[in-house]
Amino acid sequence: MKILLISHGDLAAGMCSTLQNFFGADNVYSACVTQENGTADLMDKAREYLDQWQGEQVVICSDLKGGSANQAALALLERPDTFLISGMNLSLVLQLQMEDHVDADTIHDLMANAKEDMVLVNELLQAQSDDDDE
């Protein structure tokens, strides 16, 4: 399975670099919307990857639901065995890159886990402090 991260600016490239350098991910790639060429650069790079990945499952993760990167990627869903997830975070992509193959149920589980990683740390610290006071 290949994972393609797409975003505005360098967000996807940064997440890809983090996953490769810190977690050894070898199945994560990126394509980005640029200010100069808009979604054209993203789509050129994405199509280049997809041409290389014939027969492989692909999960595309975008930064923003309804954003230009996500909207452009809708056209890529014509490709068989391709999923598009919006609202990516590092937790989600880290979990995804450890999978060999996914289906919609697996993706929903991974997204639920990733959502749980989003917390207001102030409240966690306060709850922990309250527990210590008891």
Side-chain angles (χ1 to χ4, degrees):
M1 178 177 75
K2 303 291 188 190
I3 301 167
L4 178 59
L5 308 180
I6 62 173
S7 71
H8 300 83
D10 295 328
L11 177 66
M15 288 181 87
C16 185
S17 174
T18 297
L19 287 157
Q20 291 170 345
N21 294 321
F22 287 91
F23 300 101
D26 61 359
N27 61 336
V28 181
Y29 303 82
S30 66
C32 301
V33 174
T34 64
Q35 287 186 322
E36 299 81 24
N37 296 316
T39 59
D41 288 337
L42 178 147
M43 292 304 288
D44 288 346
K45 190 72 164 176
R47 286 191 174 104
E48 181 182 318
Y49 284 135
L50 294 177
D51 287 345
Q52 295 172 25
W53 301 336
Q54 294 297 321
E56 292 219 43
Q57 183 178 60
V58 175
V59 178
I60 303 168
C61 298
S62 74
D63 57 352
L64 204 61
K65 180 176 82 172
S68 59
N70 192 75
Q71 293 298 317
L74 290 174
L76 303 175
L77 291 178
E78 295 175 3
R79 182 187 182 278
D81 211 13
T82 301
F83 295 93
L84 174 59
I85 302 169
S86 67
M88 69 177 166
N89 64 25
L90 190 59
S91 175
L92 172 66
V93 182
L94 183 58
Q95 292 177 77
L96 270 172
Q97 68 89 27
M98 292 188 278
E99 299 289 332
D100 293 325
H101 194 271
V102 294
D103 58 21
D105 289 336
T106 304
I107 290 173
H108 281 289
D109 290 343
L110 297 176
M111 289 189 314
N113 290 340
K115 287 176 187 177
E116 288 181 21
D117 283 344
M118 294 183 65
V119 298
L120 181 57
V121 175
N122 304 57
E123 292 173 353
L124 288 178
L125 291 174
Q126 184 61 47
Q128 187 177 38
S129 176
D130 291 347
D131 288 346
D132 290 345
D133 290 344
E134 291 178 5

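Because only heavy atoms are used, hydrogens play no part in the values below, and waters and symmetry mates are left out as well, while side chains stay in. In this text, all values refer to a predicted model and were calculated from it rather than measured experimentally.
- In this structure, T82 contributes its side chain and P80 its backbone to a donor-acceptor pair below 3.5 Å.
- Within a 6.0 Å radius of CG in D131, other residues, nucleotides and ligands contribute more than 12 heavy atoms.
- Under the 4.5 Å side-chain heavy-atom criterion for Ile, Leu, Val, Met, Phe, Trp and Tyr, L90 and M111 are members of the same hydrophobic cluster.
- Proximity of C61 to M15: side-chain heavy atoms (C-beta onward) are nowhere separated by under 4.5 Å.
- At least one donor-acceptor pair closer than 3.5 Å links the side chain of S7 to the backbone N or O of A12.
- Residues passing the side-chain hydrogen bond (donor to acceptor under 3.5 Å, both in side chains) test with D63, sequence neighbours excluded: H8.
- Other members of a hydrophobic cluster containing L64 are absent, since no ILVMFWY side chain comes under 4.5 Å of it, directly or through relayed contacts.
- Within the 3.5 Å criterion, the main-chain N or O of L42 finds no donor-acceptor partner in the side chain of T39.
- The backbone N or O of N113 sits nowhere less than 3.5 Å from a side-chain atom of Q95 that would complete a donor-acceptor pair.
- The hydrophobic clustering, which links ILVMFWY residues whose side-chain heavy atoms are closer than 4.5 Å, places I107 and L77 apart.
- The ring pair (Phe, Tyr, Trp, His ring centres under 6.0 Å) analysis of residues 39-92, with sequence neighbours excluded, yields the pairs Y29-Y49, Y29-W53, Y49-W53.
- Put simply, I60 and V102 are part of two different groups of oily side chains (I, L, V, M, F, W, Y) that touch within less than 4.5 Å, one to the next.
- When all heavy atoms of M43 and A73 are compared, the closest pair comes out as SD-N, 4.3 Å.
- Looking only at atom types and distance, the side chain of T34 has a donor-acceptor partner in the side chain of D41 under 3.5 Å away.
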Side-chain donor-acceptor pairs of residues 118-130 under 3.5 Å, sequence neighbours excluded:
| residue | atom | partner | partner atom | Å |
| --- | --- | --- | --- | --- |
| Q126 | NE2 | D130 | OD1 | 2.8 |

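- For D10, the CG atom counts as loosely surrounded, since its 6.0 Å shell holds 12 or fewer non-hydrogen atoms of other residues, nucleotides or ligands.
- Heavy atoms of other residues, nucleotides or ligands lying less than 6.0 angstrom from CD of Q35 number 12 at most.
- Looking at S17, its side chain never comes within 3.5 Å of a backbone N or O of A13 through a donor-acceptor pair.
- The two residues I6 and A69 come nearest to each other via the heavy atoms CD1-O, 3.4 Å.
- Evaluation of the side chain to side chain contact (heavy atoms under 4.5 Å, CB included) rule for A46 yields L4, L76 as partners, not counting sequence neighbours.
- Distance check, rounded to the nearest 0.5 Å: CD of Q54 to CZ of R79 gives 6.5 Å.
- Nearest heavy atom pair, residue E56 against residue M1, reads OE1-N, 3.7 Å.
- Using a distance-only test at 3.5 Å, with no hydrogens or angles considered, a donor-acceptor pair links the side chain of Q20 to the main chain of V28.
- Both L19 and I85 belong to a common hydrophobic cluster when Ile, Leu, Val, Met, Phe, Trp and Tyr are linked at side-chain heavy-atom distances under 4.5 angstrom.
- Counting only heavy atoms from C-beta outward, the side chains of V59 and Q97 never approach each other to under 4.5 Å.
- To the nearest 0.5 Å, the span separating CG on L74 from OG on S86 amounts to 9.5 Å.
- In this structure the side chain of L110 reaches within 4.5 angstrom of the side chain of L96, judged on heavy atoms.
- Residues passing the side-chain hydrogen bond (donor to acceptor under 3.5 Å, both in side chains) test with D103 are T106, sequence neighbours excluded.
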